[in-house]
Amino acid sequence: MLQVKNLKKTYVSKGKKVEAVKGITFETEKGEIFAILGPNGAGKTTTIKSILRLIIPDEGEIYINGIDVHKHPSHALKYVSAVLEGNRNIHWKMTVYENLKYFGYIRGLGGKYLKSRISEILEFVELTEKKNELAGKLSRGMQQRLAIGIALLPDTPLILLDEPTLGLDVESSLKVRQMLEKLAKDGKTILLSTHDMQLVEKVANHVLIINKGRVVVSDKKEKLLDAFKKKRFKISFLSNNGYKELEKFGTVVEENGEKILNIQIDNMDQLYEVLEHFKNKNIEIKRLESVMVNFEEVFVNIVRGDEDGLS
Ligand SMILES: Nc1ncnc2c1ncn2[C@@H]1O[C@H](COP(=O)(O)OP(=O)(O)OP(=O)(O)O)[C@@H](O)[C@H]1O
């Protein structure tokens, strides 16, 4: 659906060069929720804006539905719509309905089709009852839903969202999350840039982590979670003796009066070595279990690993 090949962008600001994106390559599949993650300044917004041609990259190719965005921008961009943070494309002094009508016209829709499309969208974003309210008077969550509704008007196969849950409360985030899931189920491809690890954990299929303008990891989310799960173990012991010994291997916490050792390993041999060590010291193990990890930990570990590698 979307192909980005060797994207590069350097900004020049006050005579200083900032290499924001240094050769990013990725590809999305139809119907997937593809999350772009990265610390502040990693290059996410630059990537998204380049896809939308709001920024002209220095190098690289971008194809939407097989069409070269650089060579045929207006044709390629027919297949994509976007919700960008900080520019939520809403007219505050228009009602919800007027906003949808106005942006519908801009996207070349009209007549009966636009009318029924607006009704459909109002239902989808759960704003039917608010259709006559001024956009400026809506809550932050409702405004975000309206922005998503506006982006959905032209019914494009690719939808880009920059920080769709930023500043939203739990309930509004949940609504956005459910909308994204429904859209993907309908076969839409969703590219999403976010810092919201819960959103990623709940909805993303594929995760692209970028740091300092480069791709650090690009993989299915489940695979990343699995890989980390295999690295984290929790060990409990039959007696509390010798726990000083344990601290060499990881962090020791107390749970229900029991000392629990949390360890992180790079490969299974390391785990066997630790177990062997305890055996030699006559420290008897009661239970060994792999630990569930959440996506936030996966992300932090990957970025930290990358930083260590870079330094
Ligand atoms: N117009 C600009 N002029 C100069 N430098 C810029 C400009 N836009 C972005 N940058 C710089 O490029 C780098 C990448 O910025 P970008 O906004 O793409 O990152 P990001 O991953 O979206 O960050 P965030 O999570 O903070 O939104 C940063 O160092 C940023 O300061």
Side-chain angles (χ1 to χ4, degrees), residues 2-28 33-62 64 69-70 77 80-89 140 143-144 147-148 151 158-168 173 176-177 180 190-204 206-219 221 224 295-311:
L2 168 71
Q3 287 167 293
V4 173
K5 295 184 185 171
N6 198 27
L7 188 72
K8 291 186 184 168
K9 175 72 186 175
T10 298
Y11 296 103
V12 182
S13 155
K14 293 177 195 153
K16 262 184 80 184
K17 278 187 177 178
V18 181
E19 277 185 274
V21 173
K22 303 172 186 161
I24 286 185
T25 297
F26 65 88
E27 197 169 320
T28 65
I33 300 184
F34 189 106
I36 303 188
L37 315 181
N40 291 123
K44 304 178 293 292
T45 305
T46 303
T47 304
I48 290 211
K49 288 193 171 168
S50 301
I51 296 166
L52 293 167
R53 213 142 177 87
L54 297 171
I55 286 175
I56 311 295
D58 304 325
E59 266 182 61
E61 290 157 62
I62 298 169
I64 298 173
V69 176
H70 180 65
L77 293 175
V80 55
S81 49
V83 184
L84 301 183
E85 213 285 318
N87 167 27
R88 271 172 293 119
N89 285 332
R140 176 89 171 77
Q143 285 169 349
Q144 182 65 331
I148 294 174
L158 176 64
I159 302 161
L160 268 50
L161 298 116
D162 197 8
E163 293 286 3
T165 54
L166 187 75
L168 301 190
S173 295
V176 169
R177 188 197 298 168
L180 300 185
I190 293 173
L191 184 82
L192 129 105
S193 155
T194 187
H195 289 283
D196 180 346
M197 294 301 148
Q198 275 205 13
L199 179 69
V200 174
E201 182 154 342
K202 293 283 191 300
V203 305
H206 194 106
V207 174
L208 178 87
I209 298 181
I210 58 177
N211 192 24
K212 298 184 175 149
R214 286 201 176 86
V215 174
V216 182
V217 157
S218 178
D219 215 333
K221 180 195 66 192
L224 291 174
F295 199 78
E296 182 147 12
E297 289 178 66
V298 174
F299 173 73
V300 169
N301 270 283
I302 289 176
V303 172
R304 201 176 287 151
D306 183 56
E307 295 284 333
D308 290 347
L310 287 173
S311 57

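Counting begins at 1 with the first residue of the sequence. In listed order, ligands and their atoms are each counted from 1.
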Identify, for atom 15 (O) of ligand 1, the protein heavy atom at the shortest distance, and state residue, atom and that distance.
-> T46 OG1, 3.9 Å

Under 6.0 Å from the CD atom of E201, do we count more than 12 heavy atoms belonging to anything else shown?
-> yes

If you scan protein heavy atoms around atom 19 (O) of ligand 1, the nearest is G43 N, 3.2 Å

The closest protein heavy-atom partner of atom 31 (O) of ligand 1 is V18 CG1, 4.9 Å

If you measure from each non-hydrogen atom of T45 to ligand 1, which part falls under 4.0 Å: side chain, backbone, both or neither?
-> both

For atom 13 (C) of ligand 1, which of A20, G38, S13 has the closest heavy atom?
-> A20

Sort out for me which residue in L77, T46, L7, I64 forms a side-chain contact (heavy atoms from CB on, under 4.5 Å) with I51.
-> I64

When every non-hydrogen atom of V4 is compared with those of I24, the smallest separation belongs to CG1-O, 3.5 Å

Scan the protein's non-hydrogen atoms and note whether one is under 4.0 Å from atom 24 (P) of ligand 1.
-> yes

Of the protein's non-hydrogen atoms, which lies at the shortest distance from atom 14 (C) of ligand 1, and what is that distance?
-> G41 O, 3.3 Å

Of the protein's non-hydrogen atoms, which lies at the shortest distance from atom 9 (C) of ligand 1, and what is that distance?
-> Y11 CE1, 3.3 Å

Of the protein's non-hydrogen atoms, which lies at the shortest distance from atom 26 (O) of ligand 1, and what is that distance?
-> N40 ND2, 2.9 Å

Can you see which heavy atom on R53 is nearest to which on H70, and at what distance?
-> NH2-ND1, 2.7 Å

Please report the closest heavy-atom contact between P39 and I210, naming both atoms and the distance.
-> CD-O, 3.4 Å

Does A151 offer a backbone N or O that forms a donor-acceptor pair with the side chain of S81 under 3.5 Å?
-> yes

Nearest-option assignment for atom 21 (O) of ligand 1, heavy atoms, candidates E163, H195, E19, K44 = K44

For ligand 1, which atoms, with element, lie under 4.0 Å from some heavy atom of A42?
-> 19 (O), 20 (P), 21 (O)

Neighbour count >12 (heavy atoms, 6.0 Å) for atom NZ, K49 = no

Non-hydrogen atoms of K22 and K8 that approach each other most closely = C-CG, 3.9 Å

